[in-house]
Every structure is written in C-alpha cells, then in structure tokens.
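The model shown is predicted, which means the values in this text are computed figures rather than measured ones.
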Amino acid sequence: MISRKFPLLILEGLGLILFLAVLFPFLIVLISAAKTPFEITQSPLGLPADWTVLAKNLFRISTDKNIRYGSSFVSSLIITSGSLVMLSLFASQAAWALVRAKTRLSSALFILFVAAMVIPFQIVMLPLLTWFRAIYEATGFRLLRNYSGMFLSYLGFGLPLSIFMYHGFIKGIPVELEEAAQIDGYSRFRVFYAIILPILAPIHVTVMILNGIWIWNDYLLPLLVLSRGNAVMTVPLAVSTFAGAYVKQWDLIMAAILMAMLPIVVAFLFAQKYIVRGMVAGSIK
C-alpha cells in the first residue's frame, strides 16, 4: 500500500513546490506594496509593519495627477478591449474562409500565417515605425502616439496565433450546418454571423484571454508607438515612470504592479475552463 502511494506523494510534493514557486512573485509584490521605501530596502522579504500602507499607496497612485495612473489604466482598457474585439472578428472570419475554401491558395495562406508566428517582434519593430511615418507623410493619417497605431499593430501581430486557433476549431464544425442554412435562404454573411460565430464562443474566450494577457502586459510596443509621457499611455509605461535614473520608488512600483495584474488574474480565474476547452478543441479537430 505504501509503495503504491509513494509515487503519488512525490507528485503531490512536486506540485506543491511548483505552486509555491509560481505564487512567490505575487506574494513579493503584495508584501512590498504594503511597505514603505525604507522597509523594502531594509527587509525585502519581511512582512510589513503596517498593512494600511497598502491602501495609502494604492490611493496615492489612483489620485496623484502627476502619476496619471488612472488615465493610463483607462488607456490600457481601451487598447486591450479594442484590439481583442478586432482580433476575434477578423481572425474568425479569416480562419472560416481558409477552412471552407479548401484550395491550394487557402492552404498556402494558412501556412504563411503559421510561419509568421515564429518571426520575432524585434526584427520588425524598426521597419514598423518607418512604415508608420511613411504612411503619415503620404496620407496625413497619424499612427504614432495614438490609439490607431496600437490597434493596427496588435491586430497584425496577434492574427497569426488567433487564426491558427480558430482554424483548428472551425475544422470540427460540420459543413452541413452551413449548407442547411443556405437552403433556408441565408446568405454567406448571415451564415457566419448567425450560425458560426455563436458556436465559436469557447475559442473566442481562449483567444481573448491569451491575447489579452499579452496586450495588457506589453511594454516594448507601446514604448515605441506611444512613448513615455504621451497623453495616451498604457499601464506598463506608467509603472516605468516610477523608476528614474537615480531614484526608484519601489513602494509605488509594487503597488502599481499589483493594481495592473489584478484584472488579468480575475479574468483568467473566471475564464480558465473556457481556455482549456478551447485549446483542447482546437488541437484535436
């Protein structure tokens, strides 16, 4: 009996160690956000002397006009939600067209989208800025330091993975559903929005959560397109303003990080069953 339970106990122990390793950074952020700068430097791993400091730090970040964390939070919400809506809409339509076309061209286009997932962002970031400036000079349409450039950038960088996930899921939807709807007089446009789009609900949530975590936490792309100190600034850029060349406000940095990660953690906890369902369905169909 003991010999049978021993491997299970080892696995449970490893699972506990892994859980603590993953949870440790979150605990450090929470504890440090409730400390004064002196406490952080003197005892980085110690518990705070007064937990009310956490509320004071959060209140200071939310209300200080010089920090502008509130407007940055709103900007991140706008950029993340707008990008996710565009990604879900365009990627699902593109994947549906590629699945139902069944031609050599559609297969080649799908392979190109999959291949685009392995292109590092660092390779294309400077050409991206060059193109944005060229578009402004040619048309007068500004893509730098505003929402338009962020939406377009995240749409381009997020489409390959999103199309790949939608493609695998749509392959499992019987084409007879669409044929029956067309016999009833549905147009191709209505077939997609009335029949296909509601069926894609599990993969919608999966795509939105995976892309939402990346977009919400992204620092490099907003730094290039928006830059620090701009009227439109995301949460990661706002957090970076607390770290100067000579002075780093660790208490405010940790409090800002805590506020930034709470929405994503809450969204992930509520949507985790849909994430697993969507990923499994897309991988086996």
Mind jotting down which residue pairs meet the side-chain hydrogen bond (donor to acceptor under 3.5 Å, both in side chains) criterion with at least one end in residues 75-85? Sequence neighbours excluded, please.
-> Ser75-Tyr147
Using a cut-off of 6.0 Å, state whether more than 12 heavy atoms not belonging to Trp51 lie near its atom CH2.
-> yes
Not counting sequence neighbours, list each pair that qualifies as a salt bridge (charged side-chain N to carboxylate O under 4.0 Å, His left out) and has a residue in residues 75-100.
-> Arg100-Glu178
Side chain Thr41, main chain Phe38, donor-acceptor under 3.5 Å | yes
With ring centroids as reference points, do Trp216 and Phe73 lie under 6.0 angstrom apart?
-> yes
Does OH in Tyr186 sit with more than 12 non-hydrogen atoms of other residues, nucleotides or ligands closer than 6.0 Å?
-> no
For Phe113, what residues pass the ring-ring contact (aromatic ring centres under 6.0 Å, His included) criterion, not counting sequence neighbours?
-> none
Mind checking what makes side-chain hydrogen bond (donor to acceptor under 3.5 Å, both in side chains) contact with Asn217, not counting sequence neighbours?
-> none
Considering residues at least two apart in sequence or located in another chain, which fulfil the ring-ring contact (aromatic ring centres under 6.0 Å, His included) criterion with Phe121?
-> Phe157
Contacts of Phe132 that satisfy ring-ring contact (aromatic ring centres under 6.0 Å, His included) - sequence neighbours left out = none
More than 12 heavy atoms of other residues, nucleotides or ligands under 6.0 Å from CH2 of Trp250: is that the case?
-> no
Aromatic plane relationship, Phe110 with Phe164 - under 30° parallel, 30 to 60° tilted, over 60° perpendicular | parallel
